[in-house]
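As structure tokens, the structure follows; a few thoughts come after it.
In what follows, every heavy atom counts, from backbone to side chain, and hydrogens, waters and symmetry copies are set aside. Labels below follow one simple rule: chain letters A, B, ... track the order of the sequence lines, proteins then strands, and each chain is numbered from 1.
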Amino acid sequence: MPLPIMLRRNFFDRPVLKVAPELIGATLLVNGVGGRIVEVEAYHHTDPAAHSYRGPTSRNAVMFGPPGVAYVYRSYGIHWCLNFVCEEEGSASAVLIRALEPTEGLAAMRRRRGQSRELADDRLLCSGPGKLCEALGVTVRHNGIPLDKMPFELRARQGSARVVPGVRIGITKAMDKPWRFGLMGSRFLSKPFKT
DNA sequence: TATGAGATCAACT
DNA sequence: GTTGATCTCATAC
């Protein structure tokens, strides 16, 4: 088993549509808890569905900063969602992390996600952006933190991955853009890809 | 299997 | 005042 290769910040210094599919199969850990990334969505600053589309606000400010940092925002007043900022500074593009295949710290994830669901299978732990943040303990405290520093740990995938594109979920603008990417055949997706 | 309500907050109109 | 890059639970088909 080769040693894992850590993703460096310059990995994110590229177009978001190149970075997003390459994240499929990479491993994301927060304080040692996490797993393989199986689903992401790309949000480009020219995209009406992106938070950065209308320019900087206090919420999306870190999207306009340097790439390779976390952008965390409150969704529907309830959940947190985790993004990775991409491209050059000021381009305000990001990748939304939508689902993980849990591999590390399963007990911690179950504890954070609640006892009433403890008996449910592991697919329910991280199969959606809000669930994933709850399971990994990601909150706005992580907003703006570099991805190559603690508590984050990001390992490149080993070997190749079969990546399938699809239409993004939960948006009402630019719904035609196939900028959702998933690991082909994974049981841990938030929703199946139709192919 | 599918649809609907409720939770709860910041940005936007 | 309305609207989400959501999730869970309840009720209907």
Side-chain angles (χ1 to χ4, degrees), chain A residues 12 15-17 19-21 23-24 28 30 34-35 37-65 67 69-87 91-102 109-144 147 163-183 187-194:
Chain A
F12 297 96
V16 67
L17 287 176
V19 172
L23 283 170
I24 299 299
L28 165 68
V30 180
I37 297 172
V38 297
E39 182 182 342
V40 301
E41 282 176 5
Y43 286 88
H44 191 260
H45 66 288
T46 57
D47 166 11
H51 285 172
S52 53
Y53 182 63
R54 292 160 201 276
T57 66
S58 57
R59 175 173 69 160
N60 66 22
V62 315
M63 283 185 82
F64 289 84
V69 306
Y71 164 48
V72 181
Y73 68 92
R74 178 77 85 173
S75 173
Y76 291 89
I78 310 279
H79 308 283
W80 299 108
C81 290
L82 172 63
N83 297 250
F84 297 164
V85 178
C86 290
E87 306 205 17
S91 79
S93 302
V95 179
L96 171 68
I97 310 303
R98 285 194 54 88
L100 296 185
E101 174 181 341
M109 294 194 212
R110 290 197 195 95
R111 189 176 345 113
R112 292 189 182 121
R113 295 272 294 125
Q115 294 202 337
S116 64
R117 289 158 287 190
E118 188 155 16
L119 296 179
D121 71 287
D122 298 343
R123 277 182 282 190
L124 300 180
L125 287 175
C126 298
S127 55
K131 299 181 199 176
L132 178 161
C133 285
E134 188 179 20
L136 302 205
V138 171
T139 70
V140 72
R141 289 192 315 112
H142 298 93
N143 194 37
L147 296 167
V163 178
V164 256
V167 173
R168 293 177 294 179
I169 294 178
I171 57 174
T172 57
K173 298 164 212 161
M175 298 169 65
D176 53 319
K177 301 281 199 305
W179 290 349
R180 176 179 178 230
F181 302 96
L183 181 62
R187 301 163 49 243
F188 296 90
L189 301 169
S190 66
K191 283 195 174 126
F193 284 74
K194 47 187 343 183

Residues in contact with DNA chain B, drawn from residues 71-82 of chain A - heavy-atom cutoff 4.0 Å:
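Here the set is A:Tyr76, A:Gly77, A:Ile78.
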
Atom pair distance, as rounded to whole Å: [atom1] in [X] and [atom2] in [N]:
X	N	atom1	atom2	result
A:Arg123	C:dC7	CZ	P	16 Å
A:Leu96	C:dC7	CG	P	9 Å
A:Arg59	B:dT8	CZ	P	19 Å
A:Arg113	C:dT6	CZ	C1'	11 Å
A:Ile97	C:dA5	CD1	P	17 Å
A:Ile169	C:dT6	CD1	P	8 Å
A:Arg168	C:dT6	CZ	P	11 Å
A:Leu189	C:dT6	CG	P	15 Å

Between [X] and [Y], which heavy-atom pair has the shortest distance, and what is it?
X	Y	result
A:Cys126	A:Ala135	SG-CB, 3.8 Å
A:Ala70	A:Val62	O-CG2, 3.7 Å
A:Pro56	A:Asn60	CA-OD1, 3.2 Å
A:Phe181	A:Phe193	C-CZ, 3.6 Å
A:Ile37	A:Leu23	CB-O, 3.5 Å

Please answer whether the main-chain N or O of A:Arg168 pairs with a side-chain N or O of A:Arg180 as donor and acceptor at a distance below 3.5 Å.
no

So with a 6.0 Å cut-off around OH of A:Tyr53, is the heavy-atom count from everything else above 12?
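For A:Tyr53, atom OH is not crowded (no more than 12 foreign heavy atoms under 6.0 Å).
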
Rounding to an integer number of angstrom, what distance separates B:dA5 and C:dC13 when you compare their P atoms?
14 Å

Please give the distance between the P atoms of B:dG4 and C:dT3 as a whole number of Å.
16 Å

Using a heavy-atom cut-off of 4.0 Å across all strands, would you classify A:Asn83 as base, sugar-phosphate, or nothing?
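Counting heavy atoms under 4.0 Å across all strands, the contact made by A:Asn83 includes a base.
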
Taking OP1 and OP2 of [N], is either one under 4.0 Å from a side-chain nitrogen or oxygen of [X]?
X	N	result
A:Arg180	C:dA5	no
A:Lys173	C:dA5	no
A:Thr172	C:dG4	yes

With rounding to the nearest 0.5 Å, note down the distance linking CD in A:Glu39 to CG in A:Leu132.
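It is 10.0 Å, given to the nearest 0.5 Å.
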
Dot-bracket, 5' to 3', for DNA chain B please: Watson-Crick or G-U pairs under 3.5 Å, [ ] where pairs cross earlier ones, | where the partner sits on another strand, dots elsewhere.
|||||||.||||.

Looking at side-chain heavy atoms only, is the closest gap between A:His51 and A:Tyr71 below 4.5 Å?
yes

